[in-house]
Amino acid sequence: CSYTCHYRCRPFIQLDCSTDGSLSTHQEDFSVDSIETDTNVDEQIDWGKQELTLTEIQHKVKEYNAQINSNLYMLANKDGSYTGFIKVHFQLVRPISLPPPQSLCSTQEEDQQGGRMKRRTSFYLPKDTAKHLHISSQTRVREVIEALLNKFTVVDNPAKFALFERTERQSQVYMRKLSDDECPLYLRLCAGPSEKVLSLVLKENETGDVNV
């Protein structure tokens, strides 16, 4: 038998081929590691693997600034570092928690004779919420998440959230969870200013149990 199949789909395919009236079973040998765990089967662009020299960084910053239609420019420094803006889109399913109003908090504390009572106000962010942050090339993902939560005075544990890279290629949308030590501004510089090429999305972190 001959057939066409994506290489990451092969572990799920088993053929029963009839040869000279006899039935033979064909199944290719694949290790567990070869099974695709992501929802998208095509390779994604890993911007973080690119290593840029000082000259390349300065050139990319100039290219980036030439393509934008706003004043959200990047600024290159002589030491190879740079600063600029990133835009983060919020795609949160669950509500976020804010501290109670100060007056309400004071009243509750008085009722408890000086004891602290933990009260929170929870609400859902609007669907199309987005926020610009001015960061440096050394700013890590975890710092970006903490800064975003501080902007909205969110009191939830930052570990409950994760930053994702969203890319579009050939009408396909790909999502990749960024590790805590990645630098979002570096990804933005490598990809350019187009939101279709790369955008940043804040979502709930579904990995493991996270304490409130």
Side-chain angles (χ1 to χ4, degrees), residues 37-40 44-49 70 72 74 81-168 173-191 193-212:
T37 57
D38 196 353
T39 54
N40 301 302
Q44 302 178 41
I45 301 174
D46 192 348
W47 305 106
K49 288 184 177 179
S70 65
L72 303 180
M74 285 196 188
S81 64
Y82 47 94
T83 58
F85 294 85
I86 59 170
K87 183 179 181 180
V88 180
H89 302 266
F90 288 73
Q91 290 185 5
L92 303 178
V93 177
R94 296 185 287 270
I96 59 174
S97 300
L98 304 182
Q102 187 62 39
S103 58
L104 177 60
C105 183
S106 299
T107 302
Q108 291 169 346
E109 289 180 353
E110 290 173 2
D111 291 343
Q112 294 295 317
Q113 296 181 349
R116 295 181 65 89
M117 177 184 290
K118 292 185 78 174
R119 293 277 182 158
R120 295 182 177 182
T121 302
S122 297
F123 76 101
Y124 291 90
L125 278 177
K127 183 179 179 181
D128 298 324
T129 300
K131 192 72 176 178
H132 283 94
L133 284 180
H134 186 259
I135 62 174
S136 75
S137 53
Q138 282 86 31
T139 306
R140 309 277 179 179
V141 164
R142 183 50 50 188
E143 296 173 277
V144 168
I145 293 175
E146 292 173 354
L148 289 169
L149 298 183
N150 288 336
K151 288 280 187 182
F152 288 93
T153 64
V154 177
V155 296
D156 292 304
N157 187 343
K160 294 174 61 176
F161 304 92
L163 196 63
F164 286 78
E165 166 191 277
R166 182 184 187 274
T167 58
E168 293 184 29
V173 175
Y174 304 89
M175 298 288 288
R176 182 178 73 88
K177 181 181 175 180
L178 302 180
S179 62
D180 285 349
D181 61 348
E182 290 189 69
C183 300
L185 192 61
Y186 182 81
L187 302 178
R188 180 80 279 161
L189 178 65
C190 292
S194 173
E195 288 274 295
K196 286 190 175 182
V197 176
L198 180 143
S199 58
L200 298 171
V201 181
L202 185 73
K203 302 176 69 175
E204 283 91 354
N205 193 352
E206 302 293 349
T207 304
D209 296 326
V210 180
N211 296 325
V212 177

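Note that the structure is predicted; figures quoted are calculated from it, not measured. Position 1 is the first residue of the sequence, and the numbers go up from there.
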Query raised in the report: Between Val201 and Lys203, which heavy-atom pair has the shortest distance, and what is it?
Result: CG1-CG, 3.7 Å
**Report entry** Qualifying residues under side-chain hydrogen bond (donor to acceptor under 3.5 Å, both in side chains), relative to Asp181, sequence neighbours excluded
**Finding:** Ser179
**Report entry** Distance (rounded to the nearest 0.5 Å) between Thr167 OG1 and Lys196 NZ
**Finding:** 13.5 Å
Requested in this report: State the CG-CZ distance between Leu200 and Phe164, to the nearest 0.5 angstrom.
Outcome: 12.0 Å
**Report entry** Non-hydrogen atoms of Gly84 and Met74 that approach each other most closely
**Finding:** CA-CG, 4.1 Å
Report task. Would you give the length of the straight line joining atom CD of Glu146 to atom CG of Asn157, rounded to the nearest 0.5 angstrom? Result -> 9.5 Å
Report task. May I ask you to decide whether Glu195 forms a salt bridge with Arg188, counting only side-chain N to carboxylate O separations under 4.0 Å? Result -> yes
Report summary line: On a heavy-atom basis, the closest approach of Ala159 and Asn205 is O-ND2, 3.3 Å
Report task. Keeping the roles fixed (side chain from Ser137, backbone from Ser81), state whether a donor-acceptor pair exists under 3.5 Å. Result -> no
Requested in this report: Please report the shortest heavy-atom distance between Asp156 and Pro95, naming the atom on each side.
Outcome: OD2-O, 4.5 Å
Report task. Please say which of Thr139, Leu133, Ile135, Val144 ends up in a side-chain contact (heavy atoms from CB on, under 4.5 Å) with Leu185. Result -> Ile135
**Report entry** Taking every non-hydrogen atom, the tightest pair across Ala191 and Val197
**Finding:** O-CG1, 3.6 Å
Query raised in the report: Say you draw a straight line from CG of Leu202 to CG of Leu125; how long is it, rounded to the nearest 0.5 Å?
Result: 9.0 Å
Query raised in the report: Are side-chain heavy atoms of Leu98 and Val155 found at a separation under 4.5 Å?
Result: no
Query raised in the report: Taking side chain as C-beta onward, heavy atoms only, is Lys87 less than 4.5 Å from His89?
Result: yes
Query raised in the report: How about Ile96 and Phe123: do any of their side-chain heavy atoms sit closer than 4.5 Å?
Result: yes
Requested in this report: Can you see which heavy atom on Cys183 is nearest to which on Arg140, and at what distance?
Outcome: SG-NH1, 3.8 Å
Query raised in the report: Atom CZ in Phe85, atom NE2 in His134: separation rounded to 0.5 Å?
Result: 4.5 Å
Report task. Please identify each residue that fulfils ring-ring contact (aromatic ring centres under 6.0 Å, His included) with Phe161, with sequence neighbours left out. Result -> none
Query raised in the report: For Glu204, what residues pass the side-chain contact (heavy atoms from CB on, under 4.5 Å) criterion, not counting sequence neighbours?
Result: Leu92, Val93, Arg94, Glu206
Report task. Would you check, one step at a time, whether the test salt bridge (charged side-chain N to carboxylate O under 4.0 Å, His left out) holds for Glu165 with Arg176? Result -> CA-CA 5 Å; Glu165 166 191 277; Arg176 182 178 73 88; 3.2 Å; yes
Requested in this report: Working to the nearest 0.5 Å, report the span between CZ of Phe152 and NZ of Lys131.
Outcome: 5.5 Å
